[in-house]
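Structure record follows, encoded as structure tokens.
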Amino acid sequence: MLKELAILAQLIQSYALTGKLQKGKQLHAHLLTSTGISSTFIANHLLNMYAKCGDLTHALSMFDHMPKRNLITWTAMITGFSHNARFLDSVLTFSNMCAAGIQPTQFAFSSAVQATTSLRSLAFGRQLHSLSLKLGYHAELFVGSNLADMYSKCGSLDVACRIFEEIPEKDEVSWTAMIDGYAKNGDFHEALMAFRNFLDNENLVADQHVFCSALSACAGLKAGKLGQSIHASVVKSGSSAESAVSNSLTDMYSKAGDMESAVTVVNTFPNGWNVVSCSSLIDGYVEMDHIEEAINTYAESKRQGLYPNEFTFSSLIKACANDAALDQGTQLHAQVIKTSFILDSFVCAVLVDMYGKCGLLFSSSQIFEEIENPTDITWNSKINVLAQHGCGKEAIEAFDQMVARHNKPNHVTFVSLLMACSHSGLVEQGLQLFGSMNTAFGVEPRDEHYSCVIDMLGRAGRLEEAEIFIGKMPSEPNAYAWCSLLGACRTHGRKELGELAAEKLMRLEPENSGSHVLLSTIYAGVGQWEDVKAVRRLMKDSGRKKLPGLSWIEVEKKTHVFGAEDWSHPRKDEIYKKMEELLMRIRGEGYVPYTAAVVSKVEESEKERLLRHHSERIAVAFALISLPAGKPIIVKKNLRVCVDCHSAMKLIAKVERRVIIVRDSARFHHFQDGNCSCRDYW
DNA sequence: ATAGGGTTAG
């Protein structure tokens with residue numbers, strides 16, 4: 001009899017391992033009709049079979065009706081729930097098991113800790129941790145690795161590290177938990193150090209999981225060279241056929257900007273492209289502003305029969321946001337509604353951003369209002385949009401709501417908030433928020449937060465405080481910080497401090513012409529034309545060119561680009577005529593060219609001519625002759641709109657009765673009825 | 001009889 005049971009158990013187990021649910025069910029039915037088999041032993045096997053095959057309904061019904069449950073019964077149920085994404089049930093079953101007086105073993109701990117990891121529940125995780133300490137399982141290989149994984153995924157890397165250290169015999173899984181934990185928390189250097197330490201263990205061999213984690217750290221650092229050397233190890237180890245590894249490789253090369261290698265990796269996939277690596281490629285192209293290639297890659301992926309997912313849509317919508325391509329963005333919006341990807345937080349965030357970047361603040365808020373459960377990701381997007389539109393008060397209100405609804409702000413949230421305060425002149429509120437970051441929200445201020453405060457103080461003319469603040473930065477002040485200070489010096493005519501900032505900036509970013517341009521405008525502002533010339537000469541001699549001003553506009557789903565004095569467009573004659581007409585009409589409204597905006601010593605008439613044909617003016621003239629009547633005009637510009645164009649735009653909007661939205665490198669301008677949404681130009 | 005880690009986004 002005992003032997004028969006063993007054979008029966010073996011049969012059930014083979015069904016469980018090979019996923020043969022139907023066979024298992026038949027056997028179960030047969031056992032129910034035949035007499036006498038009601039042992040817990042066989043019932044456990046059947047329950048486990050159902051759980052492994054994903055049929056939780058039957059597993060649970062067996063569990064509920066079992067006359068006697070033992071350690072194995074409970075553990076199989078905990079594992080069954082955990083493997084079928086019913087994480088809360090898994091944890092609750094663990095708790096019920098303890099309440100029923102059955103002491104869990106490392107098996108039950110392992111599954112329950114995994115469930116809390118998926119729930120991202122530090123509270124549950126900590127309870128399991130302390131219980132495992134009491135029972136002495138915390139440093140056991142499986143439990144220890146799972147605990148380390150749980151803490152690192154919940155953001156507590158220091159605790160994860162401590163637990164990891166206590167595991168006497170760490171294996172590949174324990175190391176992966178740590179390497180990936182650092183990478184996912186943005187500490188890529190630490191991740192790669194851990195990877196290096198891992199490689200020093202002679203008895204351990206890097207497998208696909210380890211490689212994936214190490215490669216994602218390289219991706220985060222855009223470290224193409226290091227990634228390439230890991231690529232070589234991947235090939236040597238024979239893991240390169242594994243799809244997750246190839247996807248990590250594709251993403252690493254894409255993020256490092258090495259699209260050629262990324263494409264090569266993708267084209268060597270044995271089973272053709274897949275949606276993950278394809279989305280990485282598209283995002284790589286979008287990041288480097290190669291929209292054509294991004295769209296071509298998307299088209300190719302569809303030809304290959306792939307369906308876009310939430311990642312693909314996210315990148316494509318981001319491209320529309322970058323280009324202020326509202327029509328294409330709206331079309332993608334419709335597609336994500338149809339495909340239900342609208343339920344994804346990232347997709348919502350990027351839609352909120354897209355409408356915001358197209359200047360449609362109302363549509364942006366509407367999208368946000370329609371989100372059922374806003375997450376920290378979507379809140380950040382909303383706050384950032386408000387910040388970019390100069391709505392400081394509203395941004396702080398949104399932040400208060402976010403906190404009230406128990407969403408945890410992170411470092412991204414505070415960058416947006418501080419920028420909002422800076423643009424709206426809310427200096428006291430900004431300083432207060434900066435002060436509360438660490439104390440009230442546990443977010444350590446980073447360089448970018450210091451830079452925002454410097455920018456904020458600078459704009460408000462509090463340059464002494466800004467200078468003191470720059471000295472307080474935890475690490476060496478970066479280019480952004482000096483750039484903020486330099487910009488403020490230009491606005492407030494502070495020559496000496498400006499010279500200091502420019503000098504620092506030129507040393508930090510010699511290839512950036514912005515510092516030279518800013519410094520020359522400071523000199524021009526105080527009439528030191530010799531110095532203006534000297535800086536210009538320095539720029540020319542070192543081969544640094546001023547970034548040309550460009551403007552983009554979408555017409556009939558195609559983006560057109562214009563430069564200043566750019567008459568290469570096929571409809572140039574009509575555009576020129578329209579510009580002359582506009583100039584006459586706005587003169588009638590009192591427009592006077594603001595020639596002081598031209599930073600060079602030339603004749604007044606020449607200055608006027610230089611101003612008249614700035615790229616944004618050409619783009620608007622083109623829009624007026626090609627867009628349907630009444631359609632808002634949305635222009636993106638890579639530099640700042642000049643003061644002269646700013647006042648001209650107000651009047652063009654008035655005489656043409658059009659809404660004109662210009663997004664320049666610093667902010668939005670919403671021109672309507674002779675006014676602009678921004679309170680002060682700078 | 002019951003247990004683990006990995007790939008793309010704001």
Side-chain angles (χ1 to χ4, degrees), chain A residues 6 9-10 12-13 16 40-49 51-52 70-80 82-83 104-114 117 137 140-150 152-153 171-181 183-184 207-216 219 239 242-252 254-255 274-284 286-287 309-315 317-318 321 344-353 375-381 384 410 412-413 416:
Chain A
Q10 221 169 30
I12 299 171
Q13 205 189 357
T40 309
F41 176 67
I42 291 300
N44 279 344
H45 268 287
L46 284 166
L47 191 155
N48 182 48
M49 186 273 298
K52 280 244 169 38
N70 64 15
L71 174 71
I72 306 294
T73 324
W74 285 99
T75 311
M77 209 57 228
I78 293 165
T79 308
S82 184
H83 280 187
T105 59
Q106 66 267 48
F107 294 93
F109 270 110
S110 194
S111 290
V113 172
Q114 283 171 65
T117 308
Y137 290 127
E140 198 269 342
L141 181 62
F142 279 46
V143 179
S145 302
N146 286 327
L147 282 171
D149 187 47
M150 184 275 294
S152 76
K153 285 212 171 66
D171 68 358
E172 286 83 356
V173 181
S174 340
W175 281 96
T176 306
M178 288 317 295
I179 298 169
D180 203 58
K184 288 241 159 61
D207 60 15
Q208 1 156 348
H209 304 275
V210 176
F211 280 131
C212 282
S213 305
L215 284 168
S216 86
S239 309
E242 196 60 40
S243 76
V245 180
S246 329
N247 291 339
S248 298
L249 280 167
T250 312
D251 190 57
M252 180 277 294
S254 287
K255 286 223 170 56
N274 66 58
V275 68
V276 175
S277 55
C278 179
S279 300
S280 287
L281 280 186
I282 292 174
D283 199 65
V286 170
E287 279 300 312
N309 67 8
E310 64 272 37
F311 290 82
T312 329
F313 279 121
S314 212
S315 296
I317 297 169
K318 182 166 67 179
D344 184 78
S345 260
F346 284 96
V347 169
C348 288
V350 81
L351 275 172
V352 167
D353 186 58
T375 61
D376 53 340
I377 293 157
T378 42
W379 277 111
N380 280 354
S381 195
N384 191 41
N410 61 17
V412 181
T413 323
S416 301

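Within every chain, numbering begins at 1; the chains are lettered A, B, ... in the order of the sequence lines, protein sequences first and strands thereafter.
- No contact: A:Ala349 has no heavy atom under 4.0 Å from any strand.
- For A:Lys153, the salt bridge (Lys or Arg N to Asp or Glu O under 4.0 Å) test picks out A:Asp149, with sequence neighbours left out.
- At the heavy-atom level, A:Asp207 lies under 4.0 Å from base atoms of the strands shown.
- Looking at heavy-atom distances under 4.0 Å, A:Asn380 makes contact with a base.
- Within the 4.0 angstrom heavy-atom criterion, no nucleotide atom of any strand lies near A:Ile179.
- Side chain of A:Asn410 to backbone of A:Thr413: a donor-acceptor contact under 3.5 angstrom is found.
- Contacts of A:Val143 with the nucleic acid, taken as non-hydrogen atoms under 4.0 Å apart, are absent.
- Backbone-only engagement by A:Asp180 is indicated by non-hydrogen atom pairs under 4.0 Å involving sugar-phosphate atoms exclusively.
- Residues that satisfy the salt bridge (Lys or Arg N to Asp or Glu O under 4.0 Å) test with A:Glu287, not counting sequence neighbours, are A:Lys318.
- Within 4.0 Å (heavy atoms only), A:Ser279 reaches at least one base atom of the nucleic acid.
- A:Ser145 comes within 4.0 angstrom of a nucleotide base, judged by non-hydrogen atoms across all strands.
- Checked against ring-ring contact (aromatic ring centres under 6.0 Å, His included), A:Phe109 has the following partners two or more places apart in sequence or in another chain: A:Phe94, A:Tyr137.
- Using a 4.0 Å heavy-atom criterion, one finds that A:Gln13 contacts the sugar-phosphate atoms exclusively.
- Nucleic acid contact for A:Asp353: none, since no nucleic acid atom lies under 4.0 Å from a heavy atom of the residue.
- Bracketed by its first and final contacts, the part of DNA chain B lying under 4.0 Å from non-hydrogen atoms of chain A reaches from B:dA1 to B:dG10 in 5' to 3' order.
- In this structure, A:Val245 reaches the bases: a heavy-atom distance under 4.0 Å links it to at least one base atom across the strands shown.
- Counting any heavy atom pair closer than 4.0 Å across all strands shown, A:Val412 reaches no nucleic acid atom.
- Using a 4.0 Å heavy-atom criterion, one finds that A:Gln10 contacts no nucleic acid atom at all.
- Among residues two or more places apart in sequence or in another chain, the side-chain hydrogen bond (donor to acceptor under 3.5 Å, both in side chains) test is passed with A:Asp251 by A:Lys255, A:Ser280.
- Listed by chain and number, the residues in a side-chain hydrogen bond (donor to acceptor under 3.5 Å, both in side chains) with A:Asp171 are A:Ser174 (sequence neighbours excluded).
- Checking side-chain atoms of A:Ser254 against main-chain N and O of A:Gly284 turns up no donor-acceptor pair under 3.5 Å.
- Within 4.0 Å (heavy atoms only), A:Gln114 reaches sugar-phosphate atoms of the nucleic acid but no base atom.
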